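Read through the structure below, which is laid out as C-alpha cells, and then see the notes.
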Amino acid sequence: MFEGRVSDRLLGIYRAPYGGGGYMITTQFEPTGARYFIPCVDHPAAKARFRFRVSVDGDYDVIFNTPPVRVYWDGPWKVFEFAETPRMSTYLLYLGIGRFFESRDRVGGIDVIFATPIRDRVEDSRFALDVAKGVLEFYSNYFGIPYPLPKLHLIHVPEFAAGAMENWGAITFRETALLVGKGSTELTKRRVAEVVAHEIAHQWFGNLVTMHWWDDLWLNESFATFMSYKAMDKLFSEWGVWYRFLADETTGSMLRDSLMSTHPVHVPISSEEEAFEIFDDISYGKGASLLRMLETTLVRRTSGGA
C-alpha cells in the first residue's frame, strides 16, 4: 500500500484549475514524473504492461491510456476498470479525472475522442479531430504499422506547462495547441495541425519504439517534428508547409544555435534531471532539419540523382 498527494506543481499527478472554481486531475510524467504517482522503475528503457482500476465519486469520469472494459458501482464509488496497456515506458502513462465533455469521431476502427472539462469548448474541437483522423491514416500507411490501440483521446488541459504530451492513447494539450474557434486564423490552424500531427507521430516513434535513454531525446523529438510536416504537407498542400518548416524550424534552431548556451544535437545525459534542459529548438528544429537533409540525400541517391 502507498499513499500520495495530488499536487499543484504541473508534474506528476496534479490539479488543473479552470474558470468558475472547477478543476480536473491530470498527469504529466515526461521525463521523471511517474515516480510521484506510483512506485515504479521510472526509466524509458524499462517497459511493462499496466492495468488500472480507479474508484471515484459518482459525478466524475476517468480517462486512461486504454478504454474501460468495465464500469460499475461499489457502494458510493464509481469504479473504472481499464484494458491492459501494451508494453510501455512509465512516462507515457496517463490518468485524468474530472467532469468531461466529449465529441467523437471514428477512423479505421479507432475511436478518436476530444475531451474537455469546459462544456463551451466542445464546439472548438472539430478541426483537431479532422486533423487527427487524417494523420492516423497517413502514419498507418507510411509506417506500414496500424495504430495499435482502439482509441485515441485528445484532451484539453486548462493548466499545462508543456504544449502537448504524447501519452499513449491519451494525448494532452494546452488550449492554444488544440482548440480552433470560429474566426480563427490560418496561423492558429497551422499551429494546431502541427502539434496534433507531432504528438500522433510519437504514438509510433516514441511510444511503440522508445529511446533507451534521454540522450536520444533529440531523435525522438526531431523525428516527430519532421513527420508532422510530412503529414501536414499531405493534408494541407496549399499551405506550403516546407517553406514554414524553413522559417520556423530551421531558422529558429539556427538562432538558438548562435547563442553561447547552445549544445550539440546529441547531448550526453548523466542524470535524469539534465533531461529537462534539452527540450529546446536544437532537439526539435535542428534535429528535424538534419533528418530532412538526410532524407533528401538518400532519395536523390536511390533515384539516381547527383
Side-chain angles (χ1 to χ4, degrees), residues 3-38 40 42 50 52-68 77-78 80 82 85 89-104 112-125 127-129 132 151-181 188 191-192 195-196 198-200 202-203 207 275-276 279:
E3 295 182 358
R5 287 184 174 272
V6 175
S7 73
D8 296 312
R9 62 178 175 171
L10 308 185
L11 181 67
I13 184 167
Y14 70 93
R15 296 187 302 173
Y18 51 89
Y23 66 87
M24 64 179 286
I25 292 174
T26 188
T27 58
Q28 169 61 31
F29 293 155
E30 189 183 28
T32 60
R35 64 194 64 184
Y36 302 116
F37 176 53
I38 55 174
C40 60
D42 197 12
F50 298 89
F52 271 41
R53 181 173 62 196
V54 183
S55 300
V56 296
D57 289 336
D59 289 342
Y60 293 97
D61 296 310
V62 182
I63 299 173
F64 183 58
N65 301 84
T66 56
W77 301 103
K78 188 178 182 181
F80 292 77
F82 292 95
T85 70
S89 303
T90 50
Y91 80 91
L92 298 170
L93 283 169
Y94 179 74
L95 181 66
I97 301 172
R99 296 182 178 91
F100 296 112
F101 305 94
E102 296 183 345
S103 58
R104 292 172 171 254
V112 184
I113 309 163
F114 168 83
T116 175
I118 305 172
R119 185 192 299 270
D120 293 343
R121 303 318 302 267
V122 173
E123 62 186 27
D124 298 333
S125 66
F127 180 77
L129 283 174
K151 65 90 174 175
L152 176 64
H153 263 95
L154 311 177
I155 306 163
H156 168 212
V157 180
E159 191 81 10
F160 191 31
M165 175 59 205
E166 66 265 22
N167 314 296
W168 210 352
I171 305 171
T172 47
F173 299 82
R174 68 167 58 176
E175 181 170 311
T176 56
L178 182 63
L179 304 181
V180 176
T188 297
R191 166 65 176 164
V192 169
V195 176
V196 170
H198 179 109
E199 302 306 330
I200 294 179
H202 276 308
Q203 305 301 297
N207 300 6
F276 286 95
F279 287 84

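No hydrogens, no waters, no symmetry mates; every other heavy atom, side chains included, goes into these values. This one's a predicted model, so the numbers in the text were calculated from it and none came from an experiment.
Partner of Met165 under the side-chain contact (heavy atoms from CB on, under 4.5 Å) criterion, out of Leu92, Ile171, Thr27: Leu92 alone.
Rounding to the nearest 0.5 Å places CH2 of Trp168 at 11.0 Å from CG of Leu93. Rounded to the nearest 0.5 Å, atoms CD1 (Ile155) and CZ (Phe173) are 8.5 Å apart. Note that the CG atom of Leu152 and the CG atom of Leu129 stand 9.5 Å from one another [nearest 0.5 Å]. Note that OH of Tyr94 and CD of Gln28 are 10.0 Å apart. Values are rounded to the nearest 0.5 Å. To the nearest 0.5 Å, the span separating CZ on Phe37 from OH on Tyr14 amounts to 13.5 Å. If you take CG on Leu178 and CG on Leu154, they are separated by 6.0 Å, rounding to the nearest 0.5 Å.
The aromatic rings of Phe82 and Phe80 lie parallel to each other, with less than 30° between the two planes, well short of the 60° mark. Between His156 and Phe114, the ring planes lie parallel to each other; the angle is under 30°, not in the 30° to 60° tilted range.
For the pair Arg9 and Tyr36, the cation-pi criterion (under 6.0 Å, within 45° of the ring axis) is fulfilled.
Minimum heavy-atom separation, Ala16 to Thr26: CB-CG2, 4.1 Å. The two residues Val195 and Ala177 make their nearest non-hydrogen contact at CG1-CB, 3.8 Å. Here the closest non-hydrogen pair linking Pro158 and Pro117 is CG-CG, 3.8 Å. Nearest heavy atoms, Arg174 versus Ala161: NH2-O, 2.8 Å.
Of the possible polar contacts, none joining the Glu102 side chain to the Ala115 backbone as a donor-acceptor pair under 3.5 Å is found. Between the side chain of Gln203 and the backbone N or O of Glu166 there is at least one donor-acceptor pair closer than 3.5 Å. Side chain of Ser89 to main chain of Tyr91: no donor-acceptor pair is present (N/O by atom type, distance under 3.5 Å, no hydrogens or angles).
Shown here is Phe52, whose CZ atom has more than 12 heavy atoms of other residues, nucleotides or ligands within 6.0 Å.
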| said: Lys151 vs Ile63, test: side-chain contact (heavy atoms from CB on, under 4.5 Å). Steps then yes/no. | reply: CA-CA 11 Å; Lys151 65 90 174 175; Ile63 299 173; 4.2 Å; yes
| task | Dump the intermediate steps for side-chain contact (heavy atoms from CB on, under 4.5 Å) on Phe50 and Asn65, then the final yes or no. | result | CA-CA 9 Å; Phe50 298 89; Asn65 301 84; over 6 Å; no
| task | Output, in order, the C-alpha distance, side-chain angles, deciding distance and verdict of side-chain contact (heavy atoms from CB on, under 4.5 Å) for Ser125 and Thr116. | result | CA-CA 9 Å; Ser125 66; Thr116 175; over 6 Å; no
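When side chains are defined from C-beta on, Ile113 does not count as touching Phe100, because their heavy atoms never get closer than 4.5 Å. Within the 4.5 Å cutoff, the side chain of Val54 has no heavy atoms near those of the Phe64 side chain. Residues Val192 and Phe127 form a side-chain contact, since some pair of their non-hydrogen atoms from C-beta on lies under 4.5 Å apart.
Side chains of Asp42 and Thr32: a donor-acceptor N/O pair is absent below 3.5 angstrom, by distance only.
Taking 4.0 Å as the cut-off between side-chain N and carboxylate O, Lys78 and Asp59 do not count as a salt-bridged pair.
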